Amino acid sequence: MQYLVSVIDDKSNPGSTDRQPAISAFNERLIAEGYWVFAGGLADTTAATVIDNRGEHAVFSDGPFVESKEYLAGVWVWEAPDLDVALKLATEASKVCDRKVEVRPFL
Amino acid sequence: MSDVEEAITRVHHDEWARVVASLTRRFGDLDIAEEAAAEAFASAVQRWPADGVPPNPGAWLTTTAVRKAIDRIRRENKRDDKHKEAQMVYDNSPAEPLGAIDDDRLRLIFTCCHPALAMEARVALTLRMLGGLTVPEIARAFLVPATTVEQRITRAKAKIKAARIPYRVPSAEDLPGRVSGVLAVLYLVFNEGYLATGPDTDPVRHDLTAEAIRLTRLIRALLPQDGEVAGLLGLMLLTEARRTARVSASGELVTLDQQDRGAWDEALIAEGHRLVRERLAAAAAGVAPGRYQILAAINAVHTSARDIRDTDWSQVIALYDQLVHLDSSPIVALNRAIAVAELDGPEVALAAVDRLEDKLAGYHAYHATRADLLRRLGHSEQSRAAYDKAIELAGNTAQTANLARRRDQLR
């Protein structure tokens, strides 16, 4: 079972910026224990572009699809046997990256 | 009620959770398990009056339910592949060495009370899957529309499936935290029964308190070593023992000091005291008691006293001091202050209560406690204002009646 783990940051109360070494160590462990599928940090939401090509012409717009105080700062994809395992890892992940995380199963 | 109807009711109480739990394991799907169990009981209602109650009703029901489930899966045979995919994660390894019985019902409890589900969903799911209450029964108990309860249960089941919430007893390391999550669900059900919140419901909902006790007994049977399970059961029994003395014939709440102690249920008190003694022995051996054990011990002190003056208040306060260390909530501090009033007088207590204003200004019991203390100190006007505020905030009919009478007795 694969889970998307979203790292959520808060513009008005951002998590600390010195977490990279701890995150790298945590990623090493995820790989060693067989949970790691993918991980990546994201650039600021101001770097986002939304494309809507449902109509006649593609429309590009600058910025994220929704403006909010909380935003997606990075993602993991984990392979875990069940939600209990994923939640346990996510509990550590939140501590490690000093941010909230959301766990969501893939279909 | 005929003998057969009585037998069906009893079997429903005793076997529902077992049937649902064993079907959940076999088919890996809560939906199928619930529906098949309900159909099996419906068959029993239809057939037992004519055929007689089978010698082993539990086995009859499980066999019937399995057949119903297989029928359903065949009917929807396209679903079969999907069904296999969606099977719940079932851990077949033997239970951890906790002294826990490997019982499917225990897995079911932990699944229904999973921390990834919203509290209302946990309550509804637990009452439906373990308690065997119907959706309309749960809706009535919590004063919400049946469609809301149905939705909560459906969503919870969908999340369990989609997110793969497992069907197993948590590991030894996670067990205490998860048990405490289960106990929180049961305590919430009990409290809703004990002090029903709605202005249009009975002040005490015996159906809910009884169901909470029944489920806590079940968990006690499954986890006999767990101190907090024993503590919660003791707390519920010692509270339930006072139920009939707690509301007067005219529907008014009777406070502890005014209750007819002869009307308390001696058998429940004896059982509650046995549980508290068991936990005191464990505490003496160095096992630190948890919150429910301390609350049970406080209730044991109350139920040991012949009247309010005979109560060992210093013991009650010592127990609250212990509780404050575990639970720094202002409600605990408020209850401690009520005991302080009996030992050190209303003035000392009032000072302690007034310090809680910031946190408890919206809580009826804060104002009711202040009102009583002010009344005892002879401050009638302030007392009246506090009663007014308490009445405004209280939702329970019996409590409102009691507060109004006390207010109206002020000179």
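Naming convention: chains lettered A, B, ... in sequence-line order (proteins, then strands); numbering from 1 in each chain. All of these numbers come straight from a predicted model, not from anything done at the bench.
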Which residues in residues 7-27 of chain A have any heavy atom lying under 4.5 Å from a heavy atom of chain B? none
B:Arg164 side-chain N/O to A:Pro81 backbone N/O, donor-acceptor pair under 3.5 Å: yes
Any non-hydrogen side-chain atom of A:Asp84 less than 4.5 Å from a side-chain atom of B:His114? yes
Salt bridge (Lys or Arg N to Asp or Glu O under 4.0 Å) filter on B:Arg122, not counting sequence neighbours, yields none
Check whether more than 12 heavy atoms from other residues, nucleotides or ligands sit under 6.0 Å from atom CD of A:Gln2, and answer yes or no. yes
Residues in side chain to side chain contact (heavy atoms under 4.5 Å, CB included) contact with B:Pro330, at least two apart in sequence or another chain: B:Leu356, B:Lys359, B:Leu360
Within residues 87-107 of chain A, contacts to chain B at heavy-atom distances under 4.5 Å involve A:Leu87, A:Lys88, A:Pro105
Within 6.0 Å of CZ in B:Arg155, more than 12 heavy atoms from elsewhere: no
Show the nearest heavy-atom pair for residues B:Ala163 and A:Leu83, with the distance to one decimal. O-CB, 3.2 Å
